[in-house]
Amino acid sequence: MTAAGNPALAITAGRPKEGGRRFSLDWLGTVPFLAYVAVFLFLPTLIIVAGAFVSADGGVTLGNFSAVTRSFVVRAALNSMLISLVTAVIGAALGAILTYAIALGSPNSVLRRMVTSACGVLAQFGGVTLAFAFLATIGPAGFVYVMLKDHGIDFYGNGYWIYDIRGLEVVYLYFQIPLMVLVFLPAVDGIKPQWREATESLGGNSWHYWRYVAGPLLFPAFLGGTLLLFANSFSAFATANALINQGGIILPQQISNYVSSETGGADAGVAQALAVLMIVIVTLVTVVYSLLQRRTSRWLQ
Amino acid sequence: MKAGFQRRRRRNLQIFRAIVLIAAGLYFLVPIGAMFEFSTRANDQVSRTLGAWKSIGTFPDLVTAITASIELAAITAVVMLVLLVPTMVWVRLKLPRLNRIVEFVCLLPLTIPAIVLVVGLYPMYLWMGTNLSDSILTLSFAYVVLVLPYSYRALDAGLSAIDVKTLSEAARSLGAGWLTVMTRVIAPNISNAILNACLLSVALVLGEYTIALNLFYNNLQVEIAQLGRTDAAVSIAVAVASLLFAFVLLTILSFVGRGRVVATGQTGK
């Protein structure tokens, strides 16, 4: 980027006469983009933030945030936190193992390309489909469940947990692990075999290598990936809503209920207050993630 | 002794790799296979039938939703390109200092989840519905914002690999207008990046559920979820088809990406 930027500066500097007049007109080129973003990104954000602090009669209030203390909202928020924490930690651990296994192979193999595009699909493509995939697999009429039940194993002996938080955790891992692979693979690829050879020529064994060389280098990327996974499942809505009909079990579903309730419980102010809380949490997590990512990219070249 | 140790370690690593990849393969493939299995079940639970797949066309709401989602994907990709490519080129040529700002703005939607964005979009779409249009295709306004981070990254990779400044000044000095520069000089040089950005946008739009549902529009995913409550076999058939379609798109993408690296390696020398 700097290579392209420097000659550009040098050329503009070489034509001082035109510089002043053209500068003001150049801004016009970005107007369509900025206008679009202003209307469809900044305006909605502004509506949320402003609306969260406005009461029904138009005054400034913190009342919308008091809804956060309603017991079912608290429960949904705690559920969201718990699901995100569990699936982030397990997803990051399993994802890291899978990433390492992928990175051991040739970087241009067809297998690797298939696995990474499968990860892209599962990590980013429709939660609805994933919910159905799991219902068809381990749902009450699912192929694996029926097969196991015929062999005397009934994992729904204590009730259909797939429609509960535990079910959500299992389904969420289906997009959390692939996302970890996508964000962690560049860091694992950056580990050079020479470092292992160097450790061995200095008399270190595998434990030394992982404890003192690869481990500390990969840890920030691993932690960053875990945070990204947390934010990802914290804001996921589609999977839960497709799997669990009676809404409200997690925070995004509460927001959805307050935005557009079919039963008349809509309250724009509360929806906006919850949305603000969500932005704050996701932004915090993302900022720490990008700081960790920057730390990783220092040796990734 | 050292060589033997290394050979053993390499073998152990290969075993570890095979076990992990097989486990991951099962974990990824079994649910997709289960969806096929489920969608081909006959009423007697024993024999197989393609009835659900064949009857996809007989659900008018589903066909409408599929058409709408494909149109949305196409509109979103086109608007994204028209908005993003000229802006990114222009900023690189004339306003290099704005580059960071454009990047920041484009990556911003990553910190605003769809379920949050829809809270702010709701009153806007309410207004648009009464004053402008309540067509489902208006969703593409929101979808362009949603695909912005992914498209930006794809296009940024493409533009960084070519010398935008020299190319466009050469074209300009030969008398080309800006439209010609964009369509006949820049675009062909970053065709792979454009394809990347389009494929990602299409995959994202076809999988979108949150915004459509909360704004009461029935796109593909909303319809699949609704149909799942009445005719599970058909809805799972459509779901697995759309999943495989996205997989094919992203696999094409990974091969396209590799082509670009090779190409830039040659021009670099």
Under a 4.5 Å heavy-atom cut-off, does chain A meet the side chain of [X], its backbone, both or neither?
X	result
B:Leu213	side chain
B:Val119	both
B:Ile224	both
B:Ile101	neither
B:Leu108	side chain
B:Phe28	both
B:Leu159	neither

Find the distance between [atom1] ([X]) and [atom2] ([Y]) and round it off to the nearest 0.5 Å.
X	Y	atom1	atom2	answer
B:Ile115	A:Ser256	CD1	OG	5.0 Å
A:Leu34	B:Leu98	CG	CG	7.5 Å
A:Ser206	B:Leu13	OG	CG	8.0 Å
A:Tyr289	B:Thr111	OH	OG1	13.0 Å
B:Thr87	A:Phe33	OG1	CZ	6.0 Å
A:Leu122	B:Tyr27	CG	OH	9.0 Å

Taking the side chain from A:Tyr100 and the backbone from B:Arg17, do they hold a donor-acceptor pair closer than 3.5 Å?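 Here the side-chain-to-backbone pair does not exist.
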
Which atom pair, heavy atoms only, marks the closest approach of [X] to [Y]?
X	Y	value
B:Pro31	A:Thr137	CA-OG1, 3.0 Å
B:Arg229	A:Asn241	NH2-O, 3.6 Å
B:Val20	A:Ala101	CG1-CB, 3.6 Å
B:Ser235	A:Phe132	OG-CE2, 3.1 Å

Relative to chain B, which of [options] shows the most heavy atom pairs under 4.5 Å?
options	answer
A:Val115, A:Leu111, A:Val146, A:Leu41	A:Leu41
A:Val282, A:Leu104, A:Thr286, A:Val49	A:Leu104
A:Ala50, A:Gly51, A:Ala118	A:Ala118

Is any side-chain heavy atom of [X] closer than 4.5 Å to a side-chain heavy atom of [Y]?
X	Y	answer
B:Met124	A:Phe40	yes
B:Gln221	A:Thr129	yes
B:Tyr209	A:Thr239	no

Considering only heavy atoms and a distance below 4.5 Å, find which of [options] pairs most often with chain A.
options	result
B:Trp178, B:Phe247, B:Tyr150, B:Phe36	B:Phe247
B:Tyr122, B:Phe38, B:Phe141	B:Phe141
B:Gly120, B:Ala225, B:Ala232	B:Gly120
B:Ala142, B:Ser39, B:Ala24, B:Ala34	B:Ala34
B:Leu200, B:Val118, B:Leu121	B:Leu121

Quick check on [X] against chain B: is it the side chain, the backbone, both or neither that has a heavy atom closer than 4.5 Å?
X	value
A:Phe234	neither
A:Ile177	side chain
A:Val39	both
A:Arg196	side chain

The criterion is side chain to side chain donor-acceptor pair (under 3.5 Å); which residues satisfy it with B:Glu37, sequence neighbours excluded?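 Scan of B:Glu37 (side chain to side chain donor-acceptor pair (under 3.5 Å), adjacent residues dropped) gives B:Arg41, B:Arg48.
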
Test side-chain contact (heavy atoms from CB on, under 4.5 Å) on B:Val144 and A:Tyr36 and set out the steps. CA-CA 10 Å; B:Val144 170; A:Tyr36 192 95; 3.3 Å; yes

Given B:Leu21 and A:Leu98, is the side-chain contact (heavy atoms from CB on, under 4.5 Å) satisfied, shown in steps? CA-CA 7 Å; B:Leu21 286 180; A:Leu98 178 57; 4.1 Å; yes

